[in-house]
Amino acid sequence: MSATTLPHAFPPNVMARLRAVADIDPDLIAEDFTDPRTRAALADTEILITGWGCPPLDGSVLAVAPRLRAVLHAAGTVKSLVSEAGWRRGLLVSSAAEANALPVAEYALGMILLAGKDLFAQRERYRAARTFEIGGIVDGIGNHGRRVGVIGASRIGRRVIELLRPFDFDVSLADPYVDATQAAALGVRPRELHGPEGLFATSDIITVHAPETPETRHLVGRRELALMPDGAVLINTARGSLVDTDALVAEARSGRVAAILDVTDPEPLPADCPLYDLPNVLLTPHVAGSQGNEIARLGLVVVDELERLITGRPLAHAVDHAGLERAA
């Protein structure tokens with residue numbers, strides 16, 4: 001992993017637990033696999049702890065790591081980390097994606113609540129007028145009965161649904177892999193994406209949590225945005241490619257819908273992109289995932305997994321290669 005990631009994922013208390021159960025060199029931080037010292041260490045490595053900044057574990061890496069049997073990833077997806085050669089070897093792979101899902105879901109919940117109060121537009125009006133009527137009623141805002149559409153029952157999508165339960169929302173879910181019975185168990189209404197009763201047409205706030213695949217590229221495009229009711233809000237914390245940026249620019253410029261984007265396509269957006277300056281668009285710089293003290297949670301997952309591995313217990317967060325393609 002990168003040298004900047006290590007102290008955040010493994011602060012002193014977490015590093016102490018790690019050193020108590022494994023023979024590691026805490027001074028060896030491998031940022032690539034070409035360094036002679038790293039390649040020498042790989043010859044004896046049985047378990048590799050990885051994180052943000054780790055290069056792919058391709059055939060050339062595996063060739064100099066004959067004893068490697070497990071990869072514990074102190075981050076989210078391993079799609080670009082573990083190569084087919086690694087899966088063919090039968091590596092045990094664990095990911096802290098479950099832990100990384102927590103702050104993303106919390107971000108989404110916060111933005112849903114704020115969007116329901118129309119907070120960003122209210123801020124703009126207050127800033128412009130520099131006054132307001134005390135006791136005045138603002139029509140059309142509030143979270144009582146607000147219709148929320150969740151796209152994707154991923155780890156994050158399911159956590160968002162869970163976090164929404166204490167509130168008075170009407171929650172719908174669109175996911176081709178979730179049937180009516182499973183949706184009922186989640187406490188949500190299943191919907192298709194399109195049509196007059198589809199998720200886009202019936203949601204005041206839509207939050208995107210689907211995986212990035214060729215099929216989900218521009219999942220939210222001109223057709224989908226046009227279906228959204230006037231005043232609806234789109235929230236994207238998944239991947240930027242799921243939203244057609246040009247289509248969103250056109251729709252947001254009209255002022256008909258609003259957007260809250262923590263991820264974009266491209267990322268970052270060009271400096272002249274209109275989304276920076278539109279009052280109905282809030283851009284944040286890819287901060288929904290683990291940041292600051294939240295990163296230590298990822299290291300804790302790895303230490304827990306290591307303890308399970310060396311005591312012969314199954315991994316709690318093992319990655320299923322077969323289901324990896326459609327995982328967010």
Side-chain angles (χ1 to χ4, degrees), residues 75-77 95-120 142-193 198-200 202-213 216 219-220 224 228-229 232-243 257-264 282-284 286-291 294 297-298 301 317 323 326-328:
T77 182
S95 165
E98 194 81 39
N100 196 48
L102 300 180
V104 182
E106 291 165 355
Y107 174 104
L109 171 65
M111 293 302 175
I112 289 168
L113 290 168
L114 295 179
K117 295 290 281 188
D118 196 27
L119 197 72
F120 305 112
N143 286 312
H144 179 65
R146 182 71 65 183
R147 301 172 301 173
V148 177
V150 178
I151 299 178
S154 59
R155 292 183 185 89
I156 299 169
R158 289 171 185 264
R159 180 60 174 164
V160 169
I161 290 169
E162 182 181 343
L163 293 176
L164 290 173
R165 285 190 188 125
F167 302 95
D168 294 322
F169 289 115
D170 178 1
V171 183
S172 298
L173 170 69
D175 189 311
Y177 300 101
V178 175
D179 60 27
T181 301
Q182 294 168 324
L186 290 170
V188 297
R189 187 195 313 267
R191 292 189 189 273
E192 300 294 330
L193 286 177
L199 183 138
F200 279 100
T202 61
S203 300
D204 303 307
I205 302 170
I206 296 171
T207 181
V208 183
H209 302 293
E212 182 180 42
T213 67
T216 60
L219 181 72
V220 183
E224 292 74 25
M228 293 172 64
V233 181
L234 175 72
I235 302 172
N236 188 15
T237 57
R239 289 291 185 267
S241 67
L242 273 63
V243 176
V257 300
I260 299 171
L261 309 173
D262 188 56
V263 290
T264 58
L282 175 69
L283 297 176
T284 57
H286 206 129
V287 295
S290 297
Q291 293 286 331
E294 297 164 335
R297 188 188 279 140
L298 309 182
V301 168
H317 302 284
R326 60 186 181 91

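- Taken from CD in E294 to CD in E106, the straight-line distance is 6.5 Å, to the nearest 0.5 Å.
- Rounded to the nearest 0.5 Å, atoms CD (E98) and CZ (R158) are 10.0 Å apart.
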Step-by-step side chain to side chain contact (heavy atoms under 4.5 Å, CB included) determination, F167 to I112
CA-CA 11 Å; F167 302 95; I112 289 168; over 6 Å; no
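- V233 is not listed as a side-chain neighbour of D204, based on a closest heavy-atom distance of 4.5 Å or more.
- For the pair S95 (side chain) and A75 (backbone), a donor-acceptor distance under 3.5 Å is present.
- Scanning both residues, A288 and Y107, for their nearest heavy atoms gives CB-CG, 3.6 Å.
- Atom OG1 of T77 is separated from atom CZ of R155 by 8.5 Å, given to the nearest 0.5 angstrom.
- Using a 4.5 Å heavy-atom threshold, the side chains of F169 and I161 count as separate.
- Here CG of N143 is found 10.5 Å from CG of D118. Values are rounded to the nearest 0.5 Å.
- Side-chain contact between F120 and I260: present, with at least one pair of heavy atoms (C-beta onward) separated by less than 4.5 Å.
- Screening V208, I205, L282, V150 for a side-chain contact (heavy atoms from CB on, under 4.5 Å) with I235, the sole residue that qualifies is I205.
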Could you please spell out the steps behind the side chain to side chain contact (heavy atoms under 4.5 Å, CB included) verdict for V148 and V160?
CA-CA 11 Å; V148 177; V160 169; over 6 Å; no
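- In this structure, the side chains of E212 and V263 stay at 4.5 Å or more apart for every pair of heavy atoms.
- The backbone N or O of R239 lies less than 3.5 Å from a partner atom in the side chain of N236, making a donor-acceptor pair.
- A side-chain contact (heavy atoms from CB on, under 4.5 Å) with H209 is found for one member of L242, I151, L173, T237 and no other, namely T237.
- In this structure, T213 contributes its side chain and T216 its backbone to a donor-acceptor pair below 3.5 Å.
- Looking at heavy atoms from C-beta onward, R159 lies in side-chain contact with L102 at the 4.5 angstrom threshold.
- Residues E162 and P166 share a closest heavy-atom pair of O-CD, 3.9 Å.
- Here I156 contributes atom CD1 and L163 contributes atom CG; the two are 11.5 Å apart, rounded to the nearest 0.5 Å.
- At a threshold of 4.5 Å between non-hydrogen side-chain atoms, the residues V287 and D262 count as touching.
- Of all heavy-atom pairs between I206 and S203, the closest is CG1-CB, 3.6 Å.
- In this structure a side-chain-to-backbone donor-acceptor pair under 3.5 Å is missing from N100 to G76.
- Smallest separation of non-hydrogen atoms from G145 and D170: O-CB, 4.3 Å.
- Listed here is the closest heavy atom pair of R165 and L186: NH2-O, 3.2 Å.
- Considering R147, R191, R189 as possible partners of T202, the one that fulfils the side-chain hydrogen bond (donor to acceptor under 3.5 Å, both in side chains) test is R191.
- Enclosure of atom CD in Q182 by more than 12 non-hydrogen atoms of other residues, nucleotides or ligands within 6.0 angstrom is indicated.
- Minimum interatomic distance between A99 and L298 (heavy atoms only, all atoms of both residues): CB-CD2, 3.9 Å.
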